[in-house]
Amino acid sequence: MFKMFVTLFRGGVAEAGEAIADRNALLILDQQLRDAIAAFDRAKKALAVAIAQDQQETVRLDATKARIAGLELRVGAALDAGDELLAHEGAEAIAALEADRDAAATAQALFAAEILRLRRHVAQAQTRIAELDRGRRLARASEAVRDMRRGRVEGARPHEATLAEAEQTLRRLRERQTQAEAADLALEELDGAATASITEKLAARGYGPRLKPTAEDVLARLRSKPAKTA
């Protein structure tokens, strides 16, 4: 019996844990993604350090090769001059440098292979993180839409506005804007009419050019035309 109660308790704890995880899935996903990004940043920094070290090793290896080449020329000159003792000493130095060169070349080859592996790992991690981020944003959008739908079906909370209320507010706002635009247009027409009226009065008195032709203007224009010959 005791074992059954323990099992029941463990089952209840597991179910409660799953329920909490389900209710807070987005928060958990956000934190997990932040952790993954932090680990990815650490991996990128480690890779950058490894690449920098590999470049330094390449520089040292090239310098060793240059020293070997220089010593070989000098040892050759010593041999030509018959200085066997100094030439032998130079040859020993060359042999030591060649051993260092071969060891460094082997280590660099292994290092280069490891860097290539790390590059692939970082590239794959970057792709997976990008996919996770897209999925997270989509999940958050879907959750927001579900919340909105639940609010529409179940009714809004006392302190929350509904879609219908927002639409009603928008309609009122548009009506006020339409009325304001109509009033502005009417005012502009009144101002234009007043300006046109005083302009016509001034033109009729002969102040300034006429606004429209008169019968006298038409007759004067016709009289000025040359007569047609039969």
Step through the shown structure and confirm whether more than 12 heavy atoms of other residues, nucleotides or ligands are within 6.0 Å of CG on L85. no

Ignoring hydrogens, what is the shortest heavy-atom contact between A50 and I115? Give both atom names and the distance. O-CD1, 3.6 Å

Got a sec, which pairs hit salt bridge (Lys or Arg N to Asp or Glu O under 4.0 Å) with one end in residues 91-102, sequence neighbours left out? none

Once you round to the nearest 0.5 Å, how far does CZ of R137 lie from CG of L132? 11.0 Å

Between E131 and R128, is there a salt bridge with N-O shorter than 4.0 Å? no

If you measure from CZ on R60 to CD on Q108, what distance do you get to the nearest 0.5 Å? 10.0 Å

Distance from E175 atom CD to R171 atom CZ, nearest 0.5 Å? 8.0 Å

Here the gap from T58 atom OG1 to Q56 atom CD, rounded to the nearest 0.5 Å, amounts to 10.0 Å

Flag yes if L61 and I51 sit in one hydrophobic cluster, no otherwise; membership is Ile, Leu, Val, Met, Phe, Trp, Tyr, and two members link when side-chain heavy atoms are under 4.5 Å apart. no

Could you list the donor-acceptor pairs under 3.5 angstrom formed by side chains in residues 66-84, with sequence neighbours left out?
residue	atom	partner	partner atom	Å
D83	OD1	L86	N	3.3

Could you give the side-chain donor-acceptor pairs of residues 26-41 under 3.5 Å, partners two or more places apart or in another chain?
residue	atom	partner	partner atom	Å
D30	OD1	R136	NH1	3.4
D30	OD2	R140	NH2	2.3
Q31	OE1	R34	NE	3.2
Q31	OE1	R34	NH2	2.9
Q31	NE2	D35	OD1	2.9

